[in-house]
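The structure appears below as structure tokens.
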Amino acid sequence: MTISLSKGQRIDLTKTNPGLSKAVIGLGWDTNKYNGGHDFDLDASAFLLHAEGKAKGLEDFIFYNNLTGGNGSVQHTGDNRTGEGDGDDEQIKVDFSKIPAHIHRIGITVTIHDAINRAQNFGQVSNAFVRLVDELTNQEILRYDLGEDFSVETAVVICELYRDSSQAQEWKFQAVGSGFQGGLQALCKNYGLDAE
């Protein structure tokens, strides 16, 4: 049975789902009626964060130009440039057993490619969601529908996976839904990276 989360909610992932070792994080969205002459190209990314909550370098940033990181524990399945069709538009796979011990948190984000030049923002995006599926059983464990909370933002931290402070091998999920102006550059700065 899928658990539906709302903004800010947290849930035990691995403790309440014994045997969960590999997860698929599926992200999806629709665009509102919009005719600006450009497709909406939304991009999912993952930031691997150390104890102080920051990424240290490109190896901690998984996106369409760097598809794997964390010793192969986090993998982006590829860029979808239009968001056409039903279901997940982009996916990030996580193998909990391979995540390096120095990684304490994984931020999952979505940005709009070339948003400023295309005059696009998350106010023009609807039905955005994240879902987490057990890769081995294909069972959906949880889902977070973002709602219509955004207007001028061009980047959103969708959710974060983080280690249980008392049991480092256990992982939890938090529905974040926090928007940023400034696109990918703003997200990189937030997570301690220079976007250049």
Side-chain angles (χ1 to χ4, degrees), residues 13-14 20-29 40-83 87-115 122 125 128-136 140-144 146 153-163 168-169 171-180 182-196:
L13 266 183
T14 52
L20 176 64
S21 61
K22 294 182 177 182
V24 176
I25 299 166
L27 301 126
W29 52 80
F40 258 77
D41 180 6
L42 275 65
D43 297 312
S45 303
F47 291 86
L48 306 184
L49 308 176
H50 297 246
E52 68 283 354
K54 301 292 182 189
K56 301 282 188 178
L58 185 61
E59 66 278 2
D60 294 333
F61 178 35
I62 293 85
F63 68 116
Y64 56 83
N65 275 340
N66 183 37
L67 294 176
T68 59
N71 296 337
S73 62
V74 179
Q75 177 186 8
H76 192 300
T77 61
D79 190 14
N80 175 339
R81 296 187 174 196
T82 64
D88 300 338
D89 291 310
E90 292 196 7
Q91 293 181 330
I92 294 173
K93 295 182 175 186
V94 177
D95 184 338
F96 293 105
S97 68
K98 289 184 179 177
I99 298 173
H102 63 271
I103 300 300
H104 290 252
R105 190 174 282 263
I106 301 171
I108 305 294
T109 68
V110 175
T111 55
I112 301 173
H113 179 71
D114 204 21
F122 275 96
V125 174
F129 69 86
V130 61
R131 66 190 195 109
L132 189 138
V133 175
D134 183 329
E135 186 177 358
L136 301 179
E140 185 176 281
I141 294 171
L142 61 85
R143 181 181 177 102
Y144 166 41
L146 271 73
E153 295 85 355
T154 55
V156 177
V157 176
I158 304 286
C159 63
E160 290 187 344
L161 307 172
Y162 62 100
R163 288 187 193 274
Q169 75 276 16
W171 285 82
K172 296 184 177 187
F173 178 101
Q174 180 180 5
V176 178
S178 177
F180 289 79
L184 189 57
Q185 196 164 7
L187 278 182
C188 285
K189 185 176 181 186
N190 177 64
Y191 284 128
L193 295 178
D194 181 356
E196 301 304 319

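The structure displayed is predicted, hence computed values, not measured ones. Just so you know, residue 1 is the first one in the sequence shown, and it goes up from there.
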Is S97 reaching over with its side chain to a backbone N or O of S21, donor-acceptor style, under 3.5 angstrom? no

With the side chain counted from C-beta on, respond yes when V125 and V110 share a heavy-atom pair under 4.5 Å apart, and no when they do not. no

With no hydrogens and no angle check, is any side-chain donor or acceptor of T14 less than 3.5 Å from a backbone partner on W171? yes

Please list, chain by chain and in numerical order, all residues satisfying ring-ring contact (aromatic ring centres under 6.0 Å, His included) with F61, sequence neighbours excluded. F47, F63

Shortest non-hydrogen contact from V74 to A46? CG1-CB, 4.0 Å

Considering all heavy atoms, the nearest L49-G107 contact: CD1-N, 4.4 Å

Rounded to the nearest 0.5 Å, what separation is found between the CZ atom of R131 and the CD1 atom of I141? 11.0 Å

Let me confirm one number: the NZ-NZ distance from K93 to K22, rounded to the nearest 0.5 Å. 8.5 Å

Over all heavy atoms of both residues, which pair between C159 and V130 is shortest? Give the atoms and the distance, please. SG-CG2, 4.1 Å

Pairwise salt bridge (Lys or Arg N to Asp or Glu O under 4.0 Å) hits with a residue in residues 60-74, at least two apart: none

Check: H113 side chain, D43 main-chain N or O, donor-acceptor pair, under 3.5 Å: no

Between N71 (side chain only) and P100 (backbone N and O only), is there a donor and an acceptor less than 3.5 Å apart? no

Summary of salt bridge (Lys or Arg N to Asp or Glu O under 4.0 Å) pairs that have at least one residue in residues 97-107, sequence neighbours excluded: R105-E160

Are any of the side-chain heavy atoms of I158 and L146 separated by less than 4.5 Å? yes

ring-ring contact (aromatic ring centres under 6.0 Å, His included) against F129, all qualifying residues, sequence neighbours excluded: none

Quick one: list whatever passes salt bridge (charged side-chain N to carboxylate O under 4.0 Å, His left out) with D95, sequence neighbours left out. none

Taking only residues two or more places apart in sequence or in another chain, which ones pass ring-ring contact (aromatic ring centres under 6.0 Å, His included) with Y162? none

Determine the sole option in V94, L13, I108 for which the side chain to side chain contact (heavy atoms under 4.5 Å, CB included) test with L132 is passed. L13

So how far is it from R163 CZ to H104 NE2, rounded to the nearest 0.5 Å? 6.5 Å

